[in-house]
Amino acid sequence: MSDLSRVCPICQGVGYLIKDVPVGHPEFGRLYPCTCKLQELGQKQSERLRRVSNLEHLTHMTFETFIPEGNALNPDQRRNLRLAYEYALNYARTPQGWLMLRGGYGCGKTHLAAAIANYRLNLSHPTLFVVVPDLLDHLRASYAPSSEVRYDQRFEEIRNHPLLILDDLGTQSHTPWADEKLFQIFNYRYTARLPTVLTTNCELEEIEIRIRSRLNSPDLVHTVPIMAPDYRASGVDDSQSQLSSLGLHSDQTFHTFDTDRDDVDQDQRKNLHNVVRTAQGFAEMPEGWLVLIGTYGCGKTHLAAAIANYEVSKRHPALFVVVPDLLDHLRATFNPQSAISYDKLFEQVRKAPLLVLDDLGTESATSWAKEKLYQLLNHRYNARLPTVITTGKLIDDLDPRIRSRILDRSRCQIWEITAPSYRGQQRPTKQRRRSTRGG
């Protein structure tokens, strides 16, 4: 036994033992690996899996080298990145269930996944970190006659591993064989509830449907969206910061919204209470779309900002943007001096975990503007991403393609605020009635 510095006193270097049982016993004559042989086999398995994981190139990716505050991020992004860091660190301390880190290229998800692996390995706990396309390549290679390990042995080692970390799910080639192998791994670990960490830059709707059904299990899978932009691309953070105008509405919360105005009748006051109650419910559990309609100054922007501010207070990412400003930012990316590409900025908006589009319908109705808004909202509709829209227009006056999405009552709530504009009205003097800025 080459791995031992001296001959094992139990098996005398053979590596296997025969149990002392009488003739006729089920285990009579069977060979069993000695403790030293088990140690040797365990070392060989660890070495094989270490070569599969290729983690030696990621030893620098630890929690100590991760910067939770990011680099030049806006406040929402900093809070979100800090939250992702804390979730990953807590998982590394006690790996239970599945953790999915979702975000764009360069946002830090691979660093956090590798940090979990390095943390567990430093505690001498078995951990396998592997990029999904590489995993499939290793499985294919095991079919070769020269492979040191059989396919079924390697497959079992992977799917049964105590802690499996799969990086870049969704970047693999979607062949029937690849989809089948990944589903078998996911389904086995799902059924056995084995600790698993995933990173992906895909929306759930882009992932193979059988795997997606496992990732949609809230009792097992905890998804952490990371909204930080690519740290390797200069200028992205500033563009994102300029895009979101939530900082201008930091005082607009549910607490500062006045539902007991003196200038409204009983029906209008009841309507205000109902709309606020709906907005609060949406903020508690953002699902589907919420569309707020009303005259300018009626309070719809205040409520939309209150939803976003509430999410941010819970350390959840939210992007608040005025529609004409959004289109201006997209146009500006065509400038050769732009620090961010059009594709990257558009992706940040359409995949935002919670998007608030303020003043839809006030933009210039050019063919280009209509097309961009439709592409944006159509993606969010199909991906079922939480979205809040405010508009001063009637639904019938909106682009027919967008209108068809909004009118789907299975995914969208529409509320009209019947109260008149706050602007120009004498403000209540009671302290509990706060001024409402915005539409």
Discussion item. Distance check, rounded to the nearest 0.5 Å: Leu112 atom CG versus Glu86 atom CD?
Written reply: 11.5 Å

Practice prompt. Determine whether more than 12 heavy atoms belonging to other residues, nucleotides or ligands lie under 6.0 Å from atom CD1 of Ile209.
Written response: no

Discussion item. Any salt bridge linking Asp408 with Arg405? Criterion: basic side-chain nitrogen under 4.0 Å from a carboxylate oxygen.
Written reply: no

Practice prompt. Identify whether the distance between the nearest side-chain nitrogen and carboxylate oxygen of Glu363 and Lys372 falls below 4.0 Å.
Written response: no

Practice prompt. Please assess Phe346 against Thr333 for the test side chain to side chain contact (heavy atoms under 4.5 Å, CB included), listing each intermediate value before the final yes or no.
Written response: CA-CA 10 Å; Phe346 192 72; Thr333 61; over 6 Å; no

Worksheet item: Using the ring of each side chain (for Trp, its six-membered ring), is Phe334 parallel, tilted or perpendicular to Trp368, with breaks at 30° and 60°?
Response: perpendicular

Worksheet entry | Working for side chain to side chain contact (heavy atoms under 4.5 Å, CB included), residues Tyr381 and Ile406 | CA-CA 9 Å; Tyr381 174 84; Ile406 290 176; over 6 Å; no

Worksheet item: Is there a side-chain contact between Leu121 and Phe129 (heavy atoms, below 4.5 Å)?
Response: no

Worksheet entry | Any donor-acceptor pair under 3.5 Å from Ser147 side chain to Tyr143 backbone | no

Worksheet entry | Presence of salt bridge, Glu203 and Arg102, under 4.0 angstrom | yes

Discussion item. Please check: side-chain N/O of Asn118 versus main-chain N/O of His60, any donor-acceptor pairing under 3.5 Å?
Written reply: no

Practice prompt. Taking all non-hydrogen atoms of both residues into account, name the closest pair between Lys300 and Gly294 and its distance.
Written response: NZ-O, 3.1 Å

Discussion item. Could you go through Val291 and Leu360, starting from their C-alpha distance and side-chain angles, then the distance that decides it, and tell me whether this counts as side chain to side chain contact (heavy atoms under 4.5 Å, CB included)?
Written reply: CA-CA 10 Å; Val291 178; Leu360 177 66; over 6 Å; no

Worksheet item: Looking at OG of Ser244 and CE of Met227, how far apart are the two atoms once the value is rounded to the nearest 0.5 Å?
Response: 7.0 Å

Worksheet item: Quick one: does Trp98's side chain have a donor or acceptor within less than 3.5 Å of a partner on Leu194's backbone?
Response: yes

Worksheet entry | Check ion pair Glu311-Arg79 (N to O, under 4.0 angstrom) | no

Discussion item. Checking Asp251 against Thr256 for the side chain to side chain contact (heavy atoms under 4.5 Å, CB included) test, could you report, in this order, the C-alpha distance in whole Å, the side-chain angles of both residues, the deciding distance, and whether it holds?
Written reply: CA-CA 7 Å; Asp251 62 327; Thr256 61; 5.7 Å; no

Practice prompt. List for me each residue that meets ring-ring contact (aromatic ring centres under 6.0 Å, His included) alongside His222, sequence neighbours excluded, and say none if there are none.
Written response: Tyr87

Response to the item:
dist Tyr188:OH -> Phe155:CZ (nearest 0.5 Å) comes out at 10.0 Å

Worksheet item: Between Glu347 and Lys344, is the closest basic N to carboxylate O distance under 4.0 Å?
Response: no

Discussion item. Given 3.5 Å as the limit, does a donor-acceptor pair link the side chain of Asn80 with the main chain of Asp76, or not?
Written reply: no

Item to complete: Write down the atom of Ser173, the atom of Ala178, and the distance for their closest heavy-atom approach.
Response: O-CB, 3.4 Å

Fill in: Thr196, Asn187, Thr191 screened by side chain to side chain donor-acceptor pair (under 3.5 Å) with Arg214, the one that passes
Asn187

Worksheet item: More than 12 heavy atoms of other residues, nucleotides or ligands under 6.0 Å from CZ of Arg411: is that the case?
Response: yes

Practice prompt. From the options Val132, Leu135, Asn201, select the one residue that forms a side chain to side chain contact (heavy atoms under 4.5 Å, CB included) with Leu169.
Written response: Val132

Item to complete: Determine the minimum heavy-atom distance between Val312 and Ala318, stating which atoms define it.
Response: CG2-CB, 4.2 Å

Worksheet entry | Main-chain N/O of Glu205 paired to Arg212 side chain as donor or acceptor, under 3.5 Å | yes

Worksheet item: Got a second to check how far Leu385's CG is from Lys351's NZ, nearest 0.5 Å?
Response: 9.5 Å

Discussion item. Quick check: do Ile158 and His138 have side-chain heavy atoms less than 4.5 Å from each other?
Written reply: no

Discussion item. For the backbone of Pro324 and the side chain of Asp359, can you confirm whether one donor and one acceptor N or O come within less than 3.5 Å of each other?
Written reply: no

Fill in: Candidate pair Arg380 and Thr387, rule side chain to side chain donor-acceptor pair (under 3.5 Å), full reasoning
CA-CA 8 Å; Arg380 297 188 67 83; Thr387 307; 2.8 Å; yes

Worksheet entry | Leu354 and Ile307, any side-chain heavy atoms less than 4.5 Å apart | yes

Item to complete: Answer with yes or no whether the side chains of Asp358 and Thr301 bring together a donor and an acceptor at under 3.5 Å.
Response: yes

Worksheet item: Is there a donor-acceptor pair closer than 3.5 Å between any side-chain N or O of Arg120 and the backbone N or O of His125?
Response: no

Discussion item. With a 4.5 Å cut-off on side-chain heavy atoms, are Ile185 and Leu164 touching?
Written reply: yes

Response to the item:
To the nearest 0.5 Å, atom CE of Met100 lies from atom CG of Leu220 at 11.0 Å

Worksheet item: Can you name the closest pair of heavy atoms from Pro162 and Pro195 and give their distance?
Response: O-CD, 3.4 Å

Item to complete: State which residue, out of Leu198, Asn90, Val224, Ile165, fulfils the side chain to side chain contact (heavy atoms under 4.5 Å, CB included) condition with Leu99.
Response: Val224

Fill in: Any donor-acceptor N/O pair, Thr391 side chain to Ile389 backbone, under 3.5 Å
no

Practice prompt. Answer whether the closest heavy-atom distance between the side chains of Thr278 and Val275 falls below 4.5 Å.
Written response: no

Worksheet item: Is the backbone N or O of Val130 less than 3.5 Å from a side-chain atom of Asp134, with the two atoms forming a donor-acceptor pair by type?
Response: no

Worksheet entry | Nearest non-hydrogen partners of Phe254 and Ala306, listed with the distance | N-CB, 3.6 Å

Worksheet item: Residues two or more places apart in sequence or in another chain: which of them pass salt bridge (charged side-chain N to carboxylate O under 4.0 Å, His left out) with Glu69?
Response: Arg82

Item to complete: Report the C-alpha separation of Glu156 and Arg150 in whole Å, then their side-chain angles, then the decisive distance to 0.1 Å, and conclude whether the salt bridge (charged side-chain N to carboxylate O under 4.0 Å, His left out) test is met.
Response: CA-CA 10 Å; Glu156 285 301 305; Arg150 301 188 315 276; over 6 Å; no

Worksheet item: Hey, are the side chains of Leu330 and Val349 touching, using non-hydrogen atoms and a 4.5 Å cut-off?
Response: no

Discussion item. What I'd like to find out is whether the side chain of Asn274 reaches to under 4.5 Å of the side chain of Arg277, using heavy atoms alone.
Written reply: yes

Worksheet item: Does Asp168 offer a backbone N or O that forms a donor-acceptor pair with the side chain of Thr200 under 3.5 Å?
Response: no

Worksheet item: So does Glu371 pair up with Arg401, basic N to acidic O under 4.0 Å?
Response: yes

Practice prompt. Please examine the side chains of Tyr85 and Leu89, heavy atoms only from C-beta on, and report whether any two atoms are closer than 4.5 Å.
Written response: yes

Worksheet item: Is the ring centre of Tyr190 less than 6.0 Å from the ring centre of Phe186?
Response: no

Discussion item. Please give me the minimum heavy-atom distance between Ile67 and Leu81, naming the atom from each residue.
Written reply: O-CD2, 3.7 Å

Worksheet entry | Separation of Leu139 CG from Trp177 CH2 (nearest 0.5 Å) | 5.0 Å

